[in-house]
Amino acid sequence: MLEQKEVKKEERVLPPLPNVESWGVVVTRFAPNPDFPIHLGNARAAILSYEYAKMYKGKFVLRFEDTDPRIKRPLTFSYKVVEDDLAWLGIKWDEEYIQSLRMETFYEIAKKLIEMNYAYVDLCKAEVFREYRNAGKACPHRNQDPAQNMELFEKILAGEFREGEAVIRLKTDLSHPDPSVRDWVMMRIVDVERYPHPIVGDRYRLWPTYNFAAAVDDHLMGVTHILRGKEHAVNTVKQLFLYKYLGWRYPEVVHFGRVGLEGLILSKSWIKTRLKEHPERFMGFDDIRFATIAALRRRGILPETIREVIISLGLSPTDARVSWANIAAINRKNADPIAKRLFVVCKPVKVIISGVELPKEVEIPYHPSKDLGKRRIVLTKPEVYVSEYDVQKLASGSVVRLMELFNIEVKQIDRNVVTAVYHSSDLETARRLSAPIIQWVPCENNTRIELVSADGMRLRRTLCIGESSIALLRKDEIIQMVRIGFGRVDEKKKNRVRIILAHE
RNA sequence: GCCGCGGUAGUAUAGCCCGGUCAAGUAUGCGGGCCUUUCGAGCCCGUGACCCGGGUUCAAAUCCCGGCCGCGGCACCA
């Protein structure tokens with residue numbers, strides 16, 4: 001009865017997916033490489049895929065594409081972090097696969113393609129093949145018959161070839177305008193003695209490439225709709241050959257543009273190398289200057305905010321640079337009803353007040369309209385801290401209201417101390433005098449705060465003082481620091497609480 | 001260089017396939033007001049865009065051609 005207004009204006013809905021009728025069901029997937037925790041761009045594919053599966057009451061599959069033990073080496077902890085990130089985003093998957101555990105399947109399909117004479121073992125050196133390919137000519141190994149190829153394939157499995165000495169290629173179209181499409185590599189040998197795979201170690205030496213593994217698995221897992229970034233556009237062309245040979249129906253594909261997040265770093269490889277070179281300069285893979293999901297979470301961005309941002313971008317093929325102001329606006333709306341409001345003063349300046357009766361105690365609700373409980377502030381000495389920012393705007397003789405407490409009249413402003421005298425208690429007087437209303441913190445009984453914020457690539461740490469109830473907050477709690485902004489409790493130490501500023 | 005995909009307000013997005021209802025909607029930003037013990041939230045008002053040039057048509061953001069610009073791909077990476 002009371003809260004009918006919750007309906008709000010209808011949320012933006014995703015456009016329909018193509019050809020749903022003819023497939024009968026919708027199965028989508030998110031297929032990350034566990035070489036690093038996921039970022040906003042990856043999350044876009046994950047969220048959209050999940051949302052569509054949900055919209056059509058279909059299935060959503062999580063598949064780790066960890067078939068490169070050497071160049072994009074999977075990190076053991078990433079599998080778990082990716083799962084955690086997805087779960088945090090509110091994504092639930094119906095099935096989960098790890099490609100490095102499906103090697104026998106890839107071998108089977110590869111053999112099948114060899115038998116059908118659609119694939120061959122290429123013994124050319126990479127540079128030699130490239131010359132044939134650029135000329136649009138067949139390399140000599142292309143004409144081997146299936147029996148010869150099968151024999152070579154078995155030899156590779158038996159370990160008779162080393163990394164770089166042989167690859168399995170799919171026969172495509174030697175005159176295709178994009179040379180990379182011509183007889184692309186399905187499988188290659190990796191020196192797993194040197195580069196053991198984090199999950200299967202050195203058990204396999206012949207590894208499928210992305211295009212082969214993804215193509216096979218999408219079909220085998222019944223995927224009907226693939227949603228991915230436009231950097232994958234050629235891969236569709238490549239994989240189409242394989243589907244045609246095997247008589248499979250290729251899933252519907254939607255390619256969307258890249259996402260950028262204003263002021264933050266998305267690139268996995270950039271983050272990885274910097275983190276490796278200068279670990280001391282960063283707070284980890286969830287450093288708040290990165291656009292990893294872990295970083296956004298650490299910063300106090302709510303999962304619902306990320307979901308809304310991604311859905312609002314839709315399926316547009318154009319690149320999008322999401323502005324931080326936009327994220328902040330959405331997050332503010334989402335955090336506002338659940339965030340406790342507390343007093344924090346940065347660059348504190350002491351105010352000595354005369355003419356007050358002590359001790360004085362005030363009880364203030366954590367939220368003006370939601371029931372989030374109350375907290376107490378006790379004043380035992382006639383001294384409070386206010387922020388330098390507010391002091392700068394004061395003049396001797398001006399009246400200012402200490403929020404929820406009383407009004408004071410400023411007498412004198414020295415460099416580090418303001419002296420004031422009690423003026424009145426009620427809010428109406430403050431209003432009538434147009435007195436500024438500012439937050440404050442008692443000089444006794446308070447909590448030291450390290451406020452961390454990101455200013456472009458610069459990390460800013462500010463020492464602030466907050467009311468004592470801040471020490472009672474849970475780690476990870478999202479709060480609103482009155483007149484400063486929203487933040488998240490990052491760490492609680494004995495004598496200090498670290499809060500990360502999300503946004504104003 | 002070659003191949004592919006795009007270009008709607010400061011930012012993002014809807015509309016484009018199936019031309020008129022689009023003197024272009026929405027969100028955010030910005031300006032102003034109301035409300036409020038926050039410079040927050042909410043409510044109200046305002047601001048501001050179809051890349052350029054041709055063509056087709058009674059009619060083009062929407063269709064065609066050319067140009068310009070941006071992005072992606074061109075791996076024994078994913």
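So that the names make sense, note that chain A is the first sequence line, chain B the second, and so on, each numbered from 1. Please read all numbers here as calculations on a predicted model, not as lab measurements.
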Check every atom of rG40(B), rC71(B), rU37(B) against the side chain of Met403(A) and return the nucleotide holding the closest atom.
rU37(B)
Go through rG40(B), rU37(B), rC76(B) for me and flag the one nearest to the Glu404(A) side chain.
rU37(B)
Ranking rG42(B), rC76(B), rG29(B) by distance to the side chain of Ala329(A), first place goes to rG29(B)
Pair Tyr250(A), Gln239(A): side-chain N/O donor-acceptor within cut-off below 3.5 Å:
yes
Asn446(A) versus Glu467(A), side-chain donor and acceptor atoms under 3.5 Å:
no
Touch class at under 4.0 angstrom, heavy-atom based, for Phe161(A) against every strand present:
nothing
Closest to the Ser323(A) side chain: rA41(B), rC39(B), rU11(B)?
rU11(B)
Does the side chain of His232(A) come under 3.5 Å of the side chain of Tyr210(A) through a donor N or O and an acceptor N or O?
yes
Test of understanding: with salt bridge (Lys or Arg N to Asp or Glu O under 4.0 Å), list the residues that count as partners of Asp319(A), not counting sequence neighbours.
Lys230(A)
Distance-only donor-acceptor test (3.5 Å): side chain Gln480(A), base rU38(B)
yes
Report the distance from atom NE2 of His255(A) to atom P of rG4(B), rounded to the nearest whole Å.
15 Å
With distance as the sole criterion, do the side chain of Tyr210(A) and the base of rC76(B) form a donor-acceptor contact below 3.5 Å?
no
Closest-nucleotide ordering on RNA chain B, the 5'-leading residue of Arg483(A) and Asp66(A)
Arg483(A)
Pairing donors with acceptors under 3.5 angstrom, does anything connect the side chains of Asp178(A) and Ser180(A)?
yes
Regarding Asn235(A), tell me which of base, sugar-phosphate or nothing describes its non-hydrogen contacts under 4.0 Å with the strands shown.
base
Selection from rA41(B), rG73(B), rC39(B) that lies nearest to any side-chain heavy atom of Asp390(A):
rC39(B)
Side-chain contact check for Lys230(A): nearest option of rC76(B), rG73(B), rC71(B) is rC71(B)
Classify the nucleic acid contact of Ser369(A) as base, sugar-phosphate or nothing, counting any heavy atom under 4.0 Å across all strands shown.
nothing
Heavy atoms from C-beta onward define the side chain here; which of rC39(B), rU13(B), rG73(B) lies closest to that of Arg258(A)?
rG73(B)
Testing rG29(B), rA12(B), rG73(B) for proximity to the side chain of Arg332(A), the answer is rG29(B)
rU28(B) versus rA9(B) - spacing of their C1' atoms, nearest Å
12 Å
Checking contacts here: which listed nucleotide (rG73(B), rA78(B), rC76(B)) is nearest the side-chain heavy atoms of Val185(A)?
rC76(B)
Classify Arg401(A) by what it touches in the nucleic acid, base, sugar-phosphate, or nothing, heavy-atom distance under 4.0 Å.
base
Counting side-chain heavy atoms from CB outward, which of rG72(B), rC5(B), rC76(B) is closest to Pro317(A)?
rC5(B)
